[in-house]
Amino acid sequence: MNLTDEIHKRKTFAIISHPDAGKTTLTEKFLLFGGAIQTAGAVKSNKIKKAATSDFMEIEKQRGISVATSVMTFEYNGKLVNILDTPGHKDFAEDTYRTLTAVDSVILVIDCVKGVEEQTERLMEVCRMRNTPVIVFINKVDRDGRDPFDLLDELEKKLNIKVRPMSWPINGGREFKGVYKLYDKSINLFEANKTKISKDVVRIDDLNSPILDELIEKDADKLRHDVELIDGVYGEFNTDEYLEGTEAPVFFGSALNNFGVRELLEKFLEIAPFPQPRQSSDRIVSPEEIKFSGFIFKIHANLDPRHRDRIAFLRVCSGKFERNKFFHHVRLNKDMKFASPFTFMADSKALLEDAYAGDVVGLYDTGNFKIGDTLTEGEDYMYKGIPSFSPEIFKELINLDPMKSKQLEKGIEQLTDEGVAQLYRQEPGNRKFIGTVGELQFEVIQYRLENEYNARCRFEPRQFFKACWMTGEKQAIDDFCKFRHKNIVKDKDDNIVFLAETSWILNTAIQQNPKITFHTTSEFKI
Ligand code: G4P
């Protein structure tokens, strides 16, 4: 198979959702279709159990298990599907954001009872920043959920994206009868079945046909009315708009009952983009370029003292990755080869000989990588678009053992390279502020500093609301930094960051400094 065929065959995506909407269940059903697993329940270990939310060691153990299933690959209808797993736990949201930089599209799962939830909004913001194509799956239609039109309105408003229903639920909850596929005018009748894959589809070329009344009885008129309304309100589905990330096709179904999943998967395979060109610091790199390139989007450190290895996740962007071939580590300006790269196949790691754009390769790492690092076949560009997002919780790192300050420095430097948290330094005084999305990371840092670097620390909460990167007129920024020097720090790349205490303070700063633009992500600079 030539390079173009390899690329066109691949679909690399992530399933994202607010916890409990059904991401794990849907992933599992996809794998069942793809034959990658044989029984339901096989993917459950992938999920961080709710009961363990306050115990980070327990979560780490589960994360360790989930490394093996970080990327799930299967073939379906001649396509090679790579599903990149994202942690459901809120405290690991940064991991999810970074994973989104490595996919070409996403499927967003929404719970039809709950609608758009907080984490969904944030995840969609990240998708929109990168114009990632999104397909929405409204799940749990077997439950008494919200009115589908209301849900669509909410999706448009809260997620700031045009939607287009592709299938439509016939009644809901206990009265749920099935879905009408708008794109090929057929009905799938519901038969609650958690293991068997239902194939019964009835074609209804004319909705006025009495067959419809026979099939769904009293719901037939409502469906006719709904479809008329849909055709009036929502225009034709436009694949180009979907690929540009401005329009999201919406499917309804029940992942648990394996209902509506096949339609979703098949439509996804038909319309989702294959590996796309990517912006680098120099130019746009096409996946079909002969020369290999890729970037690290995630680093997983094992906390188990018996296996203290780090795994770097490499997304291949162009050319062909090969085992034992020298590649150029751009940031370190060093050539490296990898003797035992691996794929993340089901529950075992398989040695990998080669990989193409869209694939994810696991590399054992002894501290050479940090997130965003680029490997090439000699060129010096770096891949763009690995943003830092403003953390939500800020604490100051206090060294408890002045004799060990070197260890502490090195430890915190390495941990933040892995993406555990963000580090901001303040001069003078070498104060260090740590920013995270969740409380758990502080426990992780404290534990790892002590166990891996022999350094002890404690954290003091700091009431900051947002970290803001700044662009604009140099003089204006200099003046602002002088005036607000107590709140000015530098991030790991030496960018100036303003730590605003409250939203009011931030808004005032924005109003009073029209020559400065304040950004809550670092994306603008790359
Ligand atoms: P997540 O990965 O997004 O966090 O969600 P997950 O798939 O684990 O699903 C969360 C809960 O919702 C699970 O129940 C799951 O069985 C249920 N669920 C998923 N899809 C559907 C659906 O289509 N209909 C209904 N009624 N429920 C669905 P749980 O009790 O929390 O877990 P479990 O004991 O079933 O594993």
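Indexing begins at 1, ligand by ligand and atom by atom, following the structure's order. Each residue takes its place number in the sequence, starting with 1.
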- How does K140 reach ligand 1, if at all, at less than 4.0 Å between non-hydrogen atoms: by side chain, backbone, both, or neither? both
- Query: Does the N or O separation between G22 and ligand 1 drop below 3.5 Å for any pair?
  - Reply: yes
- Counting from 1, what ligand 1 atoms have a heavy atom of L256 closer than 4.0 Å? 16 (O), 20 (N), 21 (C), 22 (C), 23 (O), 24 (N), 25 (C), 27 (N), 28 (C)
- Item | Close-contact set for ligand 1 against S17 heavy atoms, below 4.0 Å | 3 (O)
- Polar contact flag, side-chain donor to acceptor under 3.5 angstrom, Y76-E266: yes
- Task: Compare T25, V141, I15, N257 and give the one whose heavy atom is closest to atom 9 (O) of ligand 1.
- Result: T25
- Task: Could you list the atoms of ligand 1 found under 4.0 angstrom from a heavy atom of A255?
- Result: 23 (O)
- Message: Give me the atom names and distance for the closest heavy-atom approach of G294 to L314.
- Response: C-CD1, 3.7 Å
Pairs of donor and acceptor atoms involving the side chains of residues 223-237, under 3.5 Å and at least two apart or interchain, shall be tabulated with distances.
residue, atom, partner, partner atom, Å
R224, NE, L207, O, 2.6
R224, NH1, D213, OD1, 3.4
R224, NH1, D221, OD1, 2.8
R224, NH2, L207, O, 3.2
R224, NH2, S209, O, 3.3
R224, NH2, D213, OD2, 2.7
D226, OD1, K222, NZ, 3.3
D226, OD2, W168, NE1, 2.9
D226, OD2, K222, NZ, 3.0

- If you measure from each non-hydrogen atom of D142 to ligand 1, which part falls under 4.0 Å: side chain, backbone, both or neither? side chain
- Query: Do NZ/NE/NH1/NH2 and the carboxylate oxygens of D85 and K23 come within less than 4.0 Å?
  - Reply: yes
- Is R310 salt-bridged to E418, going by a charged N under 4.0 Å from an acidic O? yes
- Item | Charged tip of K177 within 45° of F190 ring normal and under 6.0 Å | no
- List the steps and the verdict of side chain to side chain donor-acceptor pair (under 3.5 Å) for E244 and Y242. CA-CA 5 Å; E244 285 158 14; Y242 158 68; over 6 Å; no
- Message: If the cut-off is 4.0 Å to any non-hydrogen atom of K23, which atoms of ligand 1 fall inside it?
- Response: 1 (P), 2 (O), 3 (O), 5 (O), 7 (O)
- Where ligand 1 meets P19 - atom numbers and elements under 4.0 angstrom, heavy-atom basis: 4 (O)
- Should the proximity of A21 to ligand 1, defined as any heavy atom under 4.0 Å, be assigned to the side chain, the backbone, both, or neither? backbone
- Between E392 and R122, is there a salt bridge with N-O shorter than 4.0 Å? yes
- Task: Could you tell me whether D20 approaches ligand 1 through its side chain, its backbone, both or neither, with non-hydrogen atoms closer than 4.0 Å?
- Result: both
- With a cut-off of 4.0 Å, which atoms of ligand 1 are near a heavy atom of S254? 22 (C), 23 (O), 24 (N)
